[in-house]
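Quantities reported herein were computed from a predicted structural model and do not represent experimental measurements.
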2 protein chains.
Amino acid sequence: MMISTKGRYALRFLADVAEHQGDGFVPLKDVAVRQKISEKYLEIVVKELVKGGLLTALRGKGGGYRLSRSPEEYSVKSILELMEGSLAPVACLESGQNVCPRSNDCRTLPLWQGLDKIISDYLAQFTLADLYGKT
Amino acid sequence: MMISTKGRYALRFLADVAEHQGDGFVPLKDVAVRQKISEKYLEIVVKELVKGGLLTALRGKGGGYRLSRSPEEYSVKSILELMEGSLAPVACLESGQNVCPRSNDCRTLPLWQGLDKIISDYLAQFTLADLYGKT
DNA sequence: CTATTGACATAGTGGTTTAGTAGGTATATA
DNA sequence: TATATACCTACTAAACCACTATGTCAATAG
């Protein structure tokens, strides 16, 4: 398993905000209730989304969150990469990893590179806009 | 990261055995040296391969391991599935998992199902025979 | 028959990740 | 001023990962 609850919750949170924001802000609590996710744990997830610039927050009464951009501008890949750190299927392909000394004659490296590419390409196809509305 | 050292070591072990078995048995130690993998840890990995029927073992002097079938009959997918338990990218798709109660109106489920499929299809394409020899 | 070579078995371990929980502070609105 | 909201720090139980340690069982070579 490669995508944890953190990534999946982020996706569901963003999709829920996209669906409900209208012209105002959506409080975290409302999303937590609708999506049946622990409020406290969601806070941790959402903090990273704010820090990453995906969400704009407003404190105090009437506050909450809204998308910083329009839903079509959020690729699923970029969201998951932010939350999971990396989507690489194997450790040796993780960014910021020192290159494996065996990589020159590694028989399995091309296999992993190919796998990494199809995963990336697949997830880059979708955006937040694909994730809500069509009941 | 979704494929651990266990899966990667298994692949490298099997490929090494395929390459060196000839008509005899390949001792674990030789593979460990060639592949620079901890001998003791490899034992754990290999035990599962024997249990899963992928390898045939012979004890004592002159013993070791050889493939139970010919290399073309080992799909990378089946090897990795055996070692990792599941290749599902998300928990809710893991086999033997009770179905998620939200699955009927889950907006992200089709996304995960699609991802799961392209990963499976990709890994099913390759066999052990693709993983050795062509220096 | 014995020493050696190997597979097989069981248990422990230090570090990291996961999925949270607890309790409090800062800030905006009614 | 009360309330609703975001934000912050810290803790935790459980699982997982990548090993290590210490053996026992079995087959062959001498």
### Message
Do A:Glu84 and A:Ser4 pair up side chain to side chain, a donor and an acceptor below 3.5 Å, judged on atom types alone?
### Response
yes
Taken to the nearest whole Å, CD/B:Glu43 to P/D:dC25 is 16 Å
DNA chain D nearest-nucleotide lookup for B:Glu39 and B:Glu84: closer to the 5′ end is B:Glu84
Atom CD1 of A:Ile44 and atom P of C:dG23 are separated, to the nearest Å, by 15 Å
*Answer with base, sugar-phosphate or nothing: what part of the nucleic acid does A:Gly64 contact at a heavy-atom distance below 4.0 Å?*
sugar-phosphate
All heavy atoms of B:Asp16 vs all of B:Arg34, minimum pair found to be OD1-NH2, 2.7 Å
Atom OH of A:Tyr41 and atom P of D:dC11 are separated, to the nearest Å, by 19 Å
note: B:Leu55, atom CG; C:dC8, atom P; distance rounded to Å ~ 9 Å
Rounded to whole Å, NZ of B:Lys51 lies from P of C:dT10 at a distance of 11 Å
Check: Heavy atoms under 4.0 Å, any strand shown: does A:Lys29 hit a base, just sugar-phosphate, or nothing?
Finding: nothing
Mind listing the side-chain donor-acceptor pairs of residues 36-56 of chain B below 3.5 Å, one per line with the distance, residues two or more places apart or on another chain?
{"residue": "B:Ser38", "atom": "OG", "partner": "B:Tyr41", "partner atom": "N", "Å": "3.1"}
{"residue": "B:Glu48", "atom": "OE2", "partner": "B:Lys6", "partner atom": "NZ", "Å": "3.0"}
{"residue": "B:Thr56", "atom": "OG1", "partner": "B:Ser68", "partner atom": "OG", "Å": "3.1"}

Side-chain N,O (B:Tyr9) to OP1/OP2 (D:dC19) below 4.0 Å: yes
Side-chain atoms of B:Lys47 come closest, of D:dC8, C:dA19, C:dT10, to C:dT10
**Message:** Check this one for me: any side-chain N or O of A:Ser4 less than 4.0 Å away from OP1 or OP2 of C:dA19?
**Reply:** yes
- Message: Quiz question: going by heavy-atom distance under 3.5 Å, is there a donor-acceptor pair between the base of D:dG30 and the side chain of B:Lys61?
- Response: no
Separation of C:dT29 atom P from A:Phe25 atom CZ, nearest Å, is 10 Å
To the nearest angstrom, the CD1-C1' distance between B:Ile3 and D:dC16 comes to 17 Å
Donor-acceptor list for residues 110-122 of chain A side chains, cut-off 3.5 Å, not counting sequence neighbours:
{"residue": "A:Lys117", "atom": "NZ", "partner": "A:Asp121", "partner atom": "OD2", "Å": "2.8"}
{"residue": "A:Ser120", "atom": "OG", "partner": "A:Asp116", "partner atom": "O", "Å": "3.3"}
{"residue": "A:Tyr122", "atom": "OH", "partner": "B:Leu111", "partner atom": "O", "Å": "2.8"}
{"residue": "A:Tyr122", "atom": "OH", "partner": "B:Leu115", "partner atom": "N", "Å": "3.3"}

Taking D:dC7, C:dT21, D:dA26 as options, the one with an atom nearest any side-chain atom of B:Arg59 is D:dA26
Of the listed D:dC8, D:dA18, D:dA21, the closest approach to the A:Lys40 side chain comes from D:dC8
The residue, A:Gly60 or B:Ala57, whose nearest nucleotide of DNA chain C is more 5′ is B:Ala57
Quick one: is B:Ser38 getting a side-chain N or O under 4.0 Å of the D:dT20 phosphate, OP1 or OP2? yes
*Run the salt-bridge test on A:Arg107 and B:Glu19 with the 4.0 Å N-O cut-off and return the result as yes or no.*
yes
Using a cut-off of less than 4.0 Å, is there contact between a side-chain N or O of A:Tyr65 and OP1 or OP2 of D:dC7?
yes
Using only heavy-atom distances, determine whether the side chains of A:Glu81 and A:Ser78 contain a donor-acceptor pair under 3.5 Å. no
note: B:Arg8, atom CZ; D:dC17, atom C1'; distance rounded to Å ~ 11 Å
By the 4.0 Å heavy-atom rule, please label B:Leu58 as base, sugar-phosphate, or nothing.
sugar-phosphate
